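A short worksheet on the structure shown next.
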Amino acid sequence: MASLSFSSSLKPCSNNYSRKIVTRYRAKHDYNTDYQSRGLTISNVATKPPSNVVIPSKQDDENIKKNVAWTSVKQERWQGDLLVQGEIPLWLNGTYLRNGPGLWNIGDYNFRHLFDGYATLVRLHFENGRLAMAHRQIESDAYKASIENKKLCYREFSEVPKTDSFLSYIGDIAKLFSGASLTDNANTGVVKLGDGRVVCLTETIKGSIVIDPNNLDTIGKFEYSDNLGGLIHSAHPIVTDSEFLTLLPDLINPGYVVVRMEPGSNERKVIGRVNCRGGPSPGWVHSFPATEHYVVVPEMPLRYCAGNLLKAEPTPLYKFQWHPESKAYMHVMCKASGNVVASVEVPLYVTFHFINAYEEKDEEGRVTAIIADCCEHNADTTILQNLTLQNLRSFSGEDVLPDARVGRFRIPMDGSSYGSLEAALDPNEHGKGMDMCSINPNFLGKKYRYTYACGAQRPCNFPNTLTKIDLMNKTAKNWVDEGSIPSEPFFVARPGATEEDDGVVISMISDKNGEGYALLLDGSTFQEIARAKFPYGLPYGLHGCWVPKT
């Protein structure tokens, strides 16, 4: 969820939790005494931060305490061992990396939107029951230029550098079409490629940046070696040990190019192309799902809008426009042939994140349908405006979070013209809030049962629970620390596990007291097994990846 750019290739819910398991952890306690009284293990004292930190700006202490999730990171970098309360499984050896916008100001100038912030990487390194943490800004050209010039220098999600005259504005437009003024602020996700390289991503292709997972150094740009061109791609590629799949939206000849990249290569190769069936431009493709044999290409009625991109001030939907008259579609492309084997109209929808997809088969093993699940916002585009920093920082207790559900598409493979979209379970199970999902990666593209997400305990203005969803029993277990904001729950499977939920869930919590901590939940029981307090509260982050110890 972050920077968008132009391609020249171009109701309050019920609080009835009687059917849920809700575990509450009180954040207000003495750190050591409380855990000693609970008989939990304490190890690894946090070290002091290094002396060569850069302080971007001063923050108001009271504001930090109230809104630490939405407050710029306190300093450019920190590293040290953490005090572990509880027990980290000894099999959990590796590094969890989380990326996201963490610096929302340049001096006294404050950015508008969650997605504008400069990328902050957080590293949690687990080894033999111990935990070390570090964070650091990604040294993109956009970030370095803003620090050097003390002003915005590149186009972010809702921010545009101020021009001094009409001629300089015309020059900026020229830079926009060439891609020179587009941000490389890789603040959305981070992936480990099959060859071991770790790349931070956003929706601008130039915002693909290689980092060192061991010390968070910015190594340099990930340069694609092909001649496909284009300025934007999906912020969430499908990445496995054997391939890298992504979509390249085309605004000039509306459609999507599906490409694959092999491990060890920087060359994207075209699998095929899907032409848009509706609208003046392709729908936003922040993410997409894939099965073993197919790539699912969503065509959402929230569509890219070049006219909005050219404006110096943001419109209500930023780089997009809502075109319900253009309808909504789901397309299915065969990975092997590049042929579009299904293209169906579906009910209108709005989603940032797809969860997973799989092939539904008959008794003879023939694929009869593709099932694709996503975090669906009931075709309500107000979720974008809900993510302004002003809104996130000004929660007054009124329930303003738009409803969301696990939206399940069924795409028939028999030549039908229409598919379906329904809730996979009662949205009240997770408080009618739903986003930031992860699954057991061993079930990517396969039939699966569990997903881990951020849900809602109402009233709220942002997802505030961690939720384990059972798609077979259609139930949810919910974890909440009242007043706190958890980031994406990331599932790490136990090596050798045979059960889908045998593993741990990692999240980072920004709490109501201006502090924060790393959290480990048991993937099966969804009970807390360990936590480790940070030296100070960290801002909210978006997406992460796991780098196993080798």
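Throughout, residue positions are numbered sequentially from 1 according to the sequence presented. In this text the structure is predicted, and so the values were computed from the model without any measurement.
- Closest approach of Val199 and Phe222 over heavy atoms only: CG2-CD1, 3.8 Å.
- In this structure, the side-chain contact (heavy atoms from CB on, under 4.5 Å) partners of Cys460, at least two apart in sequence or on a different chain, are Asp399, Leu401, Ala456, Arg458, Asn464.
- Every side-chain contact (heavy atoms from CB on, under 4.5 Å) that Glu243 has, sequence neighbours left out, goes to Thr240, Leu245, Arg260, Lys335.
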Would you sort out whether Tyr448 and Asn440 count as a side-chain contact (heavy atoms from CB on, under 4.5 Å), showing the intermediate values? CA-CA 9 Å; Tyr448 70 118; Asn440 184 328; over 6 Å; no

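- Proximity of Asn99 to Ile138: side-chain heavy atoms (C-beta onward) are separated by under 4.5 Å at one or more points.
- Contact of the Asn214 side chain with the Arg123 side chain is registered, since non-hydrogen atoms from C-beta on lie closer than 4.5 Å.
- Here Thr451 contributes atom OG1 and Asp501 contributes atom CG; the two are 12.0 Å apart, rounded to the nearest 0.5 Å.
- Residues meeting the side-chain hydrogen bond (donor to acceptor under 3.5 Å, both in side chains) test with Tyr358, sequence neighbours left out: none.
- Of the possible donor and acceptor atoms, one in the side chain of Ser510 sits under 3.5 Å from a partner among the backbone N and O of Leu538.
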Give the intermediate values and the outcome of side-chain contact (heavy atoms from CB on, under 4.5 Å) for residues Tyr224 and Ser208. CA-CA 9 Å; Tyr224 295 94; Ser208 302; 3.6 Å; yes

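- Checking side-chain atoms of Asn187 against main-chain N and O of Phe115 turns up a donor-acceptor pair under 3.5 Å.
- With respect to Glu515, the salt bridge (Lys or Arg N to Asp or Glu O under 4.0 Å) criterion is satisfied by exactly one of Lys74, Arg531, Lys533: Lys533.
- For Thr465 and Thr467, the side-chain atoms include at least one donor-acceptor pair closer than 3.5 Å.
- Side-chain contact check for Asp403 versus Pro427: every heavy-atom pair is 4.5 Å or farther apart.
- For His135, the side-chain hydrogen bond (donor to acceptor under 3.5 Å, both in side chains) partners are Tyr536, not counting sequence neighbours.
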Given side-chain contact (heavy atoms from CB on, under 4.5 Å), test Glu376 with Arg405 step by step and report yes or no. CA-CA 5 Å; Glu376 203 279 307; Arg405 59 181 177 168; 2.9 Å; yes

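- A donor-acceptor pair shorter than 3.5 Å cannot be found between the side chains of Asn110 and Arg393.
- No donor-acceptor pair under 3.5 Å is formed between the side chain of Ser487 and the backbone N or O of Gly541.
- Side-chain atoms of His353 and Asp435 include a donor-acceptor pair closer than 3.5 Å.
- Annotation: side-chain contact (heavy atoms from CB on, under 4.5 Å) contacts of Thr351 (sequence neighbours excluded): Met300, Tyr349, Phe354, Cys374.
- Using modelled atom types, no side-chain atom of His377 and backbone atom of Thr382 make a donor-acceptor pair closer than 3.5 Å.
- Evaluation of the salt bridge (charged side-chain N to carboxylate O under 4.0 Å, His left out) test over residues 540-550, restricted to residues two or more places apart or in two chains, returns Glu127-Lys549.
- Judged by distance alone, with hydrogens and angles left aside, the side-chain atoms of His233 form a donor-acceptor pair with the main-chain N or O of Thr202 at under 3.5 Å.
- The side chain to side chain contact (heavy atoms under 4.5 Å, CB included) test with Glu159 is passed by exactly one of Tyr109, Tyr154, Trp104: Tyr109.
- Under the side-chain hydrogen bond (donor to acceptor under 3.5 Å, both in side chains) criterion, Asp470 pairs with Arg449, Asn473, sequence neighbours left out.
- Listed by chain and residue number, Gln137 satisfy the side-chain hydrogen bond (donor to acceptor under 3.5 Å, both in side chains) test with Thr120 (two or more places apart in sequence, or in another chain).
- Counting all heavy atoms, side chain and backbone alike, Pro101 lies closest to Leu114 at CG-O, 3.1 Å.
- Applying the side-chain contact (heavy atoms from CB on, under 4.5 Å) rule to Pro489 yields the partners Tyr452, Cys454, Leu466, Val505; only residues at least two apart in sequence or on another chain are considered.
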Starting from the C-alpha separation in whole Å, work towards a yes-or-no answer on side-chain contact (heavy atoms from CB on, under 4.5 Å) for Ile485 and Trp70. CA-CA 10 Å; Ile485 300 294; Trp70 319 119; 4.2 Å; yes

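- The shortest distance between side-chain heavy atoms of Val122 and Leu97 does not fall below 4.5 Å.
- Between the side chain of Asn93 and the backbone N or O of Asn128, at least one donor-acceptor pair lies under 3.5 Å.
- Although no hydrogens or angles enter the test, the distance criterion places a donor-acceptor pair under 3.5 Å between the side chain of Ser394 and the main chain of Gln390.
- Although no hydrogens or angles enter the test, the distance criterion places a donor-acceptor pair under 3.5 Å between the side chain of Asn478 and the main chain of Glu429.
- Looking at heavy atoms from C-beta onward, Asp241 lies in side-chain contact with Lys192 at the 4.5 angstrom threshold.
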Given Phe352 and Trp284, is the ring-ring contact (aromatic ring centres under 6.0 Å, His included) satisfied, shown in steps? CA-CA 8 Å; Phe352 299 150; Trp284 186 16; 5.2 Å; yes

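- With contacts defined as side-chain heavy-atom distances shorter than 4.5 Å, the pair Val84/Phe126 does not qualify.
- Counting only residues at least two apart or on different chains, the salt bridge (charged side-chain N to carboxylate O under 4.0 Å, His left out) pairs with a member in residues 207-221 are Arg136-Asp217, Asp141-Lys221, Asp184-Lys221.
- When all heavy atoms are compared, the tightest approach of Leu103 to Tyr143 is CD2-CE1, 3.7 Å.
- A donor-acceptor pair under 3.5 Å is absent between the side-chain atoms of Lys474 and the main chain of Asp426, judged by distance alone.
- The shortest heavy-atom contact between Ala476 and Ile469 is CB-CG1, 4.3 Å.
- Using a 4.5 Å heavy-atom threshold, the side chains of Thr71 and Pro539 count as separate.
- Between the side chains of Asp380 and Asn378, no donor-acceptor pair is found at a separation under 3.5 Å.
- Remark: Phe490 pairs with Tyr96 by the ring-ring contact (aromatic ring centres under 6.0 Å, His included) rule, at least two apart or across chains.
- If you check the side chains of Tyr450 and Glu499, you find no donor sitting under 3.5 Å from an acceptor.
- Annotation: ring-ring contact (aromatic ring centres under 6.0 Å, His included) contacts of Phe111 (sequence neighbours excluded): Tyr118.
- Using modelled atom types and a 3.5 Å distance limit, the side chains of Asp373 and Asn356 yield no donor-acceptor pair.
- Under the 6.0 Å cut-off for aromatic ring centres, Phe534 and Trp78 do not qualify, their centroids lying 6.0 Å or more apart.
- Among all heavy-atom pairs drawn from Gly544 and Glu488, the shortest one is N-OE1, 3.1 Å.
- Counting only N and O atoms by type, the side chains of Asn185 and Ser140 include no donor and acceptor under 3.5 Å apart.
- Using a 4.5 Å heavy-atom cutoff, the side chains of Asp81 and Arg130 are in contact.
- Looking at Asp195, its side chain never comes within 3.5 Å of a backbone N or O of Pro263 through a donor-acceptor pair.
- In terms of heavy atoms, Ser234 sits closest to Phe288 at OG-CD2, 3.8 Å.
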